[in-house]
Asks: 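One structure is given below, represented as structure tokens, and several questions about it will come after.
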Amino acid sequence: MSWWAALPGALALAVIWVVPGWAVLRAAGVRGLTGLGAGPATTSALVGLLAVAYDAVGLRWSLASMLAGFVVSVAVATIAAWTLRGAARALRTHTRPGMELPLPPPLGRTEAAALAAALAVAVVLIAGPMVAGMGAPDRPEQAWDAVFHLNAVALVRDGGNASTLGALGPLYGGGSPYYPTVWHAVAAVAPGLTAVPAAANVQNLVLAAVVWPLGMATLTRAAVRPGTASLLAPVLAAAFVAFPTVVFTVLAPWPFGLSVAVLPGALAALLVALRTPWRWRPKTAAAAGGLLTLGGVVAAHGSGAFSAVALAGLMVLVVLGRQARHWWQAGRAPVIVAAAAIGVALLIAAAAAVGGLPALRGTLGFERAGAESYRPALGKILRDAPLVYSYDGGGRTHLIVIALVVVGAIACLVRRRSRWLVVAWIGAVLLVLLAAGPEEHPLRPLTGFWYTQAARIAPLAVIPAVVLAALGAEAVTTPVAGWLRRHVPLRRRAVLLRRPGGWASAVPLVVPLALVLAVVAATGGGCAGTSRNG
């Protein structure tokens, strides 16, 4: 099978992953780039729910039944949104200020064009090396986990059951074991891709080259708006080997890769939910959207819950704490006490329920050898070398990206905005070091949620690193762009873009994007080499 023959299937998978979730979020009021970027996480939640429901009622899982479920889900979300609006009108609250979700400002024409160009560049930079490594769409990958997942896709196709609660029982000798099957459910019904390896390979390409950079652009715009950082994030997201290259090729825990790919978009929806004022209609809609996207991360892979907590847990506590303090000062102490009590009770109940799951106990108890020192792992993180097997990819050129990350972190600390990104990045790096370092460290069990594998935790460090690097690139190039706008004659600007003032408006976008392209060109060799080896 040629890649040209697989292109229609790739486009269809891109639509399947983005559009249904986007439509549901749009009904809830989450629109614009946030709705697009968080759409795949919502689609993941819908697939997980539909697969379990279909198994419960005896309905076969197929492309037609999945699409029908999407249509019903969008209809239900639309009706729920209409009901909320009708209740607001009946209570005469629809004219109050703050009733809309605090979404990032919409992209202008120039910004939208620049973002589209950046996403196109990211697709080429990510998909190119992966396509070269795969060789052909229908060539099965030989990695350890890949063989299991290919068999799982074939099982879902043959049996018509995609439920997380037992669909893969035959691969475990019977029973109804828990196993995250969202990735397998969509691959099993991929349009136009009849061969199981082709469906798996093409879906991984879509998740890596489309869903991932789109989510990073969305998270960046939600976290550090306004500015050009969100236009740089997709390209910088293609500069790392730890994700998506290693996870979708040489490591091959594909459901886990799905949970990481949709996590940035889910975090963006979570930020919108946290920032929404405490008025019942907008808060209900925003909370429902945020919880649905986070549910999609967990449905993709159970470790997604702990990934979200590791990156955004502190940020959530800080934001809710500030809002609680404001309410307390406003004389609503009983409400705060009751909400805190309910929250603690829910957390305890959730911890008790999850702690009793055999799958989690098996994951936490997974034994993995460590190194005698943290130095080798730290060197690999800084060089973005694969933290798995014996690959020696990465290089000193990637230190340029790390330098941009540091500059972005300093900018966050100085401006006292989005400092949670710095904490998330440092925390994720420390988790990687714990997993890769000495076995006797008392905190090493914290990495058990990711099988104590450094290569699985490294993608968590990439997510805040991309946002911080985009901020760093913006901070470095802003003075250059300002100098050009002041000193390049107006007539020359008009000639360059064939319209008056065109160059002046494009300079703040062109300069940082040119820097990022140069950086990625200097660091891209590691990605290509790793993918070919995979």
Side-chain angles (χ1 to χ4, degrees), residues 1-18 40 43-44 47 51 60-67 122-162 167-168 170-171 179-212 238 243-258 261 300 388-389 391 527-534:
M1 184 180 191
S2 69
W3 286 106
W4 286 111
L7 182 59
L11 296 175
L13 281 171
V15 171
I16 287 173
W17 277 111
V18 175
T43 300
S44 175
V47 171
R60 182 178 178 85
W61 181 260
S62 65
L63 178 61
S65 63
M66 182 183 72
L67 296 179
V123 169
V124 173
L125 291 174
I126 295 174
M130 290 182 67
V131 166
M134 291 176 180
D138 53 355
R139 191 181 79 174
E141 186 170 341
Q142 300 300 309
W144 181 280
D145 283 21
V147 176
F148 172 86
H149 295 307
L150 292 174
N151 286 331
V153 173
L155 179 63
V156 172
R157 279 191 176 184
D158 295 340
N161 181 9
L168 304 189
L171 297 181
Y179 197 90
T181 54
V182 171
W183 182 93
H184 312 90
V186 179
V189 298
L193 300 170
T194 56
V196 169
N201 290 335
V202 174
Q203 176 161 272
N204 287 336
L205 278 175
V206 169
L207 295 174
V210 178
V211 172
W212 162 249
F243 193 85
T245 308
V246 167
V247 171
F248 282 117
T249 58
V250 297
L251 197 61
W254 295 335
F256 172 76
L258 168 61
V388 63
Y389 304 137
Y391 289 96
C527 292
T530 303
S531 294
R532 282 195 295 268
N533 289 336

Asks: With side chain to side chain contact (heavy atoms under 4.5 Å, CB included) as the test, pick out the partner of V47 among V189, I16, V186.
Replies: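 Testing each of V189, I16, V186 against V47, the sole residue satisfying side chain to side chain contact (heavy atoms under 4.5 Å, CB included) is V186.
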Asks: Specify the closest pair of heavy atoms between A199 and R157, including all atoms of both residues, with the distance to one decimal.
Replies: CB-NH2, 3.7 Å
Asks: Is the shortest heavy-atom distance from the side chain of V210 to the side chain of W17 under 4.5 Å?
Replies: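 Sidechains of W17 and V210: no contact.
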Asks: Determine, stepwise, if the pair L251 / W144 fulfils side-chain contact (heavy atoms from CB on, under 4.5 Å).
Replies: CA-CA 8 Å; L251 197 61; W144 181 280; over 6 Å; no
Asks: Does W212 have its ring centroid less than 6.0 Å away from the ring centroid of F243?
Replies: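 Between F243 and W212, which both carry aromatic rings, the centre distance is below 6.0 Å.
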Asks: Examine the side chains of W254 and Q203 and answer whether a donor and an acceptor come within less than 3.5 Å of each other.
Replies: no
Asks: Taking P140's backbone N and O only, do any of them form a donor-acceptor pair with Q142's side chain (distance below 3.5 Å, no angle check)?
Replies: yes
Asks: Do the non-hydrogen side-chain atoms of P191 and L63 ever get within less than 4.5 Å of each other?
Replies: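 In short, these two side chains touch, coming nearer than 4.5 Å.
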Asks: Roughly how far apart are M134 CE and L205 CG, rounded to 0.5 Å?
Replies: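 Here the rounded value is 4.0 Å.
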Asks: Which value, rounded to the nearest 0.5 Å, describes the distance between N161 atom CG and T181 atom OG1?
Replies: 8.0 Å
Asks: Would you call P255 and V182 a side-chain contact if the rule is heavy atoms closer than 4.5 Å?
Replies: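 No - every pair of side-chain heavy atoms lies 4.5 Å or more apart.
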Asks: Which pair of heavy atoms, one from L207 and one from A261, lies closest together, and at what distance?
Replies: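 Scanning both residues completely, I find the closest heavy atoms to be O-CB, 3.9 Å.
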Asks: Identify the heavy atoms of A252 and E141 that sit nearest to each other, and give their distance.
Replies: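 Minimum heavy-atom contact is CB-OE2, 4.0 Å.
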Asks: Answer yes or no: is there a donor N or O on one side and an acceptor on the other, between the side chain of S44 and the main chain of P40, under 3.5 Å?
Replies: no
Asks: Should T245 and I126 be marked as a side-chain contact (heavy atoms from CB on, under 4.5 Å) after you check the CA-CA gap, both sets of side-chain angles, and the distance that decides it?
Replies: CA-CA 8 Å; T245 308; I126 295 174; 5.8 Å; no
Asks: Mind listing the closest non-hydrogen atom pair of A162 and A51 along with its distance?
Replies: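 Closest approach of A162 to A51, heavy atoms only: O-CB, 3.3 Å.
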Asks: With rounding to the nearest 0.5 Å, note down the distance linking CG in N204 to OG1 in T249.
Replies: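 That separation rounds to 9.5 Å.
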Asks: Any donor-acceptor pair under 3.5 Å linking the side chain of D138 with the backbone of M1?
Replies: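 Between the backbone of M1 and the side chain of D138 there is a qualifying donor-acceptor contact (under 3.5 Å).
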Asks: Do you know the tightest heavy-atom contact between A200 and L150?
Replies: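 Smallest interatomic distance, heavy atoms only, reads CB-CD2, 3.6 Å.
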Asks: Which heavy atom of A208 sits nearest to which heavy atom of M130, and what is that distance?
Replies: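 Looks like CB-SD, 3.8 Å.
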Asks: Classify the angle between the aromatic ring planes of F148 and H184 as parallel (below 30°), tilted (30 to 60°) or perpendicular (above 60°).
Replies: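 It falls in the perpendicular class, over 60°.
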